[in-house]
Amino acid sequence: MIPSMFRHLVLCIACAIALTGCSLSKVSPAAATVGSSARQIRLQSSPIPPTSTREVAVTGAMESEPTAQAVLNKPALCDDDESDRPARRARADVRIDYEAKAAEVVQVIRFHNREAAPLAEIVLDVQTNQWEGSFALLDLTVNDLSADYELLLNRLRVELAEPLAPDCWLEIGLRFDLHPTEIRDGLRSYRGFFGYSPRQLNLGHFLPAVAARLDDDWRIHEPVGVGEQIVYDVADWQVSVTVEGAAEPLTLAAPGAVEPLGPGKWEIQLKSSRDFAISLSEEMSLATIQIADDLVAEVYSFADAQINANGIRLDGAEHVLGESEKALDLFGTLFGGYKRERFVIVQGDFPDGMEFTGLVFVGGAWFTNFKGGPRNYLTLISVHEIAHQWWYATVGSDSALNPWLDEALATYSEYLFIEKFYPASRNWWWSFRVANFFPQGKVDSNVYEFATAREYINAVYLRGVQMLHNLRVDIGDDSFFNLLRAYLAAGEGRIADPILFWRQLQPEERALTQATRSEYLRVYDDHSLFVEPEDAEAAPELAAPEESP
C-alpha cells in the first residue's frame with residue numbers, strides 16, 4: 001500500500017513540475033534547544049537501499065504511466081522559476097484508518113535556500129515524535145535518493161550529500177505512520193489537538209515541517225508541559241486526505257480551500273500558513289455564517305453543545321458563531337483585515353483551546369457548561385483563539401522564548417472585544433480573568449522558567465494584559481492601536497521578537513512608557529529595546545516574509 005502511495009505522490013508532483021513549473025517540570029533556559037540531553041533519543045538511518053525508492057517511483061510506474069519519465073527530467077535545482085515562490089512548500093497524501101485511529105502518510109517537502117550561505121543540513125520539526133509510539137519514520141529521501149538522518153525527539157536532522165547553495169532548492173520525501181493517543185485526563189489531555197476520543201480524531205502539528213531559521217540556526221525547542229514551544233515559518237500546504245473504516249459518514253473540519261472528492265476523500269490547499277490541522281468525526285454538525293462576501297465562519301460541534309439551562313434551550317455553537325462574526329470584524333478593524341476566506345472553530349474533546357492557522361479548537365467543557373451571555377469561558381476562549389489569527393498566524397514569534405508576544409496580545413484582545421460589545425462587563429472581565437488570580441512575575445519570561453501552568457499564565461498572559469493596558473493609558477488609544485497595527489504590518493509573514501514590537505513606538509512615546517516597561521519587563525531599557533535597524537550586529541535577524549504565487 002505504501003509503495004503505491006509514494007509512487008502516486010511522486011508522479012503527481014513530477015507531472016505538476018513538468019507542466020507548470022510547480023504552480024510541567026521546571027527547566028532551565030539553557031535547556032530550551034534540544035541537544036544530547038533530550039529525554040527520548042532515536043537514531044535512525046533510511047532502512048531502504050539507496051536506489052529502491054527511485055526504482056519504485058520511476059521504473060515501477062513507467063509500466064502504466066508514460067508520464068513518469070518526467071521524474072527523470074526534473075528542473076535544475078537552481079531553476080529561476082523557483083525564485084519567486086515560497087521557500088517552504090509541502091504536499092502530503094494522508095490515508096487514515098478511522099476505526100484504528102492511525103494514519104499512513106507520504107509527504108514531499110520542497111525547501112528553497114534563501115540565505116546567503118550554503119546549508120550542509122536541513123532540520124525538520126517533527127512534533128508528533130515527542131510522544132512514544134506516535135510517529136514511525138519508514139523512509140526518507142532527498143531529491144529521490146535515500147539519505148542519512150538523525151531523529152532526536154522532535155528534531156529530525158537530514159544530512160545532505162552536497163551543501164544546498166543559496167537560491168537553490170531540494171525535495172525531501174518522507175514516508176511515516178502515525179498513531180495518535182487517546183485523549184484522557186491529566187496533562188497529556190491538553191495536547192488533545194493530536195489525539196482521539198470516542199467521537200473525534202484530531203490531527204494537529206502532525207506533518208513534519210522545515211524548522212524555522214533564526215540567527216543562522218535551526219530553531220527547535222525541547223517540548224515541556226508548560227506553554228508551547230513551537231516556532232514555525234509560513235509554508236504552502238497541499239494535502240490529500242482519504243479515510244476508511246468509519247461506521248458513519250464523516251465530517252471533516254479543515255482550513256483553507258477544501259474540495260470533496262467523494263466519500264471520505266478531500267483535497268485541501270492552505271497557503272502561507274504556519275501549520276496544518278484537521279479534525280474528523282462521525283458526530284460533528286456544521287453551522288455557518290456569511291460575514292462578508294469573501295469570508296465565512298464555520299463552527300463544528302456536537303449535540304451536547306445544545307443544553308437546557310433552567311428550562312431555556314441554549315445553543316453554544318450558535319453563540320460562538322455569532323461572537324466569531326463580531327470578533328473577526330472588530331479585530332479586522334483594529335489590527336488589519338482577516339485575509340482568508342474561511343475561519344473554522346471546532347469543539348474539541350480536550351480542555352481549553354488551541355490555535356492553528358484558519359482553524360482553532362475550543363474545549364468541549366466550555367460548550368457544555370455554557371449558561372448564556374458573554375460572561376463565560378466559551379465566549380472568552382473563542383475570542384482568544386480568534387485573536388491568534390493575528391497574533392500567531394499572521395505575525396509569528398518564538399512561543400517558547402517570547403510567549404507574551406502572542407499570548408498577552410490575544411488575551412488583551414478578549415478585553416477589547418468585551419469593551420466594544422459588552423461594556424457593562426468590563427469590570428467583570430478584569431476581575432474574572434485577571435485580578436482573581438493575583439498575578440505575579442515578569443511578562444518577558446520564557447516557558448522554561450515556570451514549574452506550573454498557573455505561574456506561567458499569571459506572568460505571561462495576565463501580567464501581560466496589565467502591561468498592555470498601561471501602555472494604552474500611557475500613550476492614548478490612537479497611538480496604542482497604531483502601535484498594534486504597525487507591529488502587525490512589520491511582522492506579517494515573519495517570526496518577530498520583542499525588539500520589533502517595541503521599535504514601533506514613536507520616539508516621544510518611549511519616555512511615556514518607561515515606567516510601565518520597567519515595572520513589567522526584565523529587559524526594559526532604551527538601549528536594549530530600541531535598537532536601530534542599521535545596527536547590524538545588534539538588530540534582530542527576522543525570517544524574511546514569504547509570499548504565495
Side-chain angles (χ1 to χ4, degrees), residues 24 26 187 190-191 193 221 224-231 327 331 335 350-356 360-363 365-366 374-393 395-419 425-472 480 484 487 496-498 501-502 516-517 519-524:
L24 285 174
K26 188 173 183 180
L187 179 62
Y190 285 85
R191 302 296 195 244
F193 52 81
H221 296 297
V224 293
V226 174
E228 298 160 25
Q229 299 83 46
I230 294 173
V231 190
F331 299 154
F335 312 143
F350 59 94
D352 216 358
M354 184 63 192
E355 70 275 7
F356 294 90
V360 301
F361 290 94
V362 175
W366 307 139
R375 297 187 178 189
N376 50 71
Y377 276 120
L378 180 61
T379 301
L380 300 184
I381 300 303
S382 298
V383 171
H384 181 104
E385 303 306 339
I386 291 170
H388 274 305
Q389 299 307 299
W390 285 263
W391 317 123
Y392 162 73
V395 53
S397 58
D398 189 320
S399 60
L401 302 186
N402 305 305
W404 76 267
L405 278 177
D406 68 303
E407 295 298 355
L409 284 165
T411 308
Y412 191 65
S413 297
E414 298 174 27
Y415 175 70
L416 298 176
F417 176 87
I418 293 293
E419 181 181 52
S425 294
R426 288 178 296 178
N427 289 340
W428 167 85
W429 186 90
W430 281 109
S431 176
F432 176 80
R433 198 72 163 109
V434 183
N436 286 349
F437 296 100
F438 302 97
Q440 300 180 17
K442 292 298 184 180
V443 173
D444 52 352
S445 302
N446 68 64
V447 299
Y448 299 98
E449 300 178 54
F450 300 98
T452 68
R454 185 72 263 166
E455 295 174 355
Y456 161 66
I457 293 171
N458 283 356
V460 171
Y461 291 57
L462 307 189
R463 293 271 288 169
V465 301
Q466 291 174 329
M467 178 186 74
L468 290 169
H469 193 71
N470 285 357
L471 289 174
R472 182 180 173 185
F480 178 76
L484 297 187
Y487 172 61
D497 69 4
F501 179 87
W502 296 113
T516 294
R517 287 184 280 113
E519 179 180 355
Y520 289 96
L521 301 174
R522 286 177 177 156
V523 179
Y524 59 84

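Fair warning: this is a prediction, and the values are worked out from it, not measured in the lab.
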Inset, instruction - Applying side chain to side chain contact (heavy atoms under 4.5 Å, CB included) between E414 and each of V465, I386, L380, report the one that passes. - result: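 Per the side chain to side chain contact (heavy atoms under 4.5 Å, CB included) rule, the option paired with E414 is L380, out of V465, I386, L380.
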Could you state the interatomic distance from [atom1] ([X]) to [atom2] ([Y]), rounded to the nearest 0.5 Å?
X    : Y    : atom1 : atom2 : result
S399 : E407 : OG    : CD    : 8.0 Å
E228 : R191 : CD    : CZ    : 7.0 Å
T516 : L468 : OG1   : CG    : 10.0 Å
Q466 : Y412 : CD    : OH    : 11.5 Å
H384 : D406 : NE2   : CG    : 7.5 Å
L521 : W404 : CG    : CH2   : 6.5 Å

Between [X] and [Y] (side chain of the first, backbone of the second, donor and acceptor by atom type, cut-off under 3.5 Å), is there such a pair?
X    : Y    : answer
E355 : Q389 : no
S431 : W428 : no
R463 : K442 : no
E419 : Y415 : no
R517 : Y524 : yes
Q229 : G227 : yes

Non-hydrogen atoms of [X] and [Y] that approach each other most closely:
X    : Y    : result
V395 : A496 : CG2-CB, 3.9 Å
D497 : L405 : C-CD1, 3.5 Å
I418 : W429 : CG1-CD1, 3.9 Å
A327 : F417 : N-CE1, 3.8 Å
A408 : G464 : CB-CA, 3.8 Å

Inset, instruction - Begin with the C-alpha distance, continue with both residues' side-chain angles, and end with the deciding distance and a verdict on side-chain contact (heavy atoms from CB on, under 4.5 Å) for S445 and R522. - result: CA-CA 8 Å; S445 302; R522 286 177 177 156; 3.9 Å; yes
Less than 6.0 Å separating the ring centroids of [X] and [Y]?
X    : Y    : result
F361 : F193 : no
Y448 : Y456 : no
Y190 : F350 : no

Legend entry - Test item: side-chain donor near acceptor, N470 and Y520, under 3.5 Å: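 Yes, Y520 and N470 have a side-chain donor paired with an acceptor closer than 3.5 Å.
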Inset, instruction - Compute whether any side-chain donor of one residue and acceptor of the other, for N446 and E449, lie under 3.5 angstrom apart. - result: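 E449 and N446 do have a side-chain donor-acceptor pair below 3.5 Å.
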Inset, instruction - Test R433 against Y461 for side-chain hydrogen bond (donor to acceptor under 3.5 Å, both in side chains), laying out the working first. - result: CA-CA 10 Å; R433 198 72 163 109; Y461 291 57; over 6 Å; no
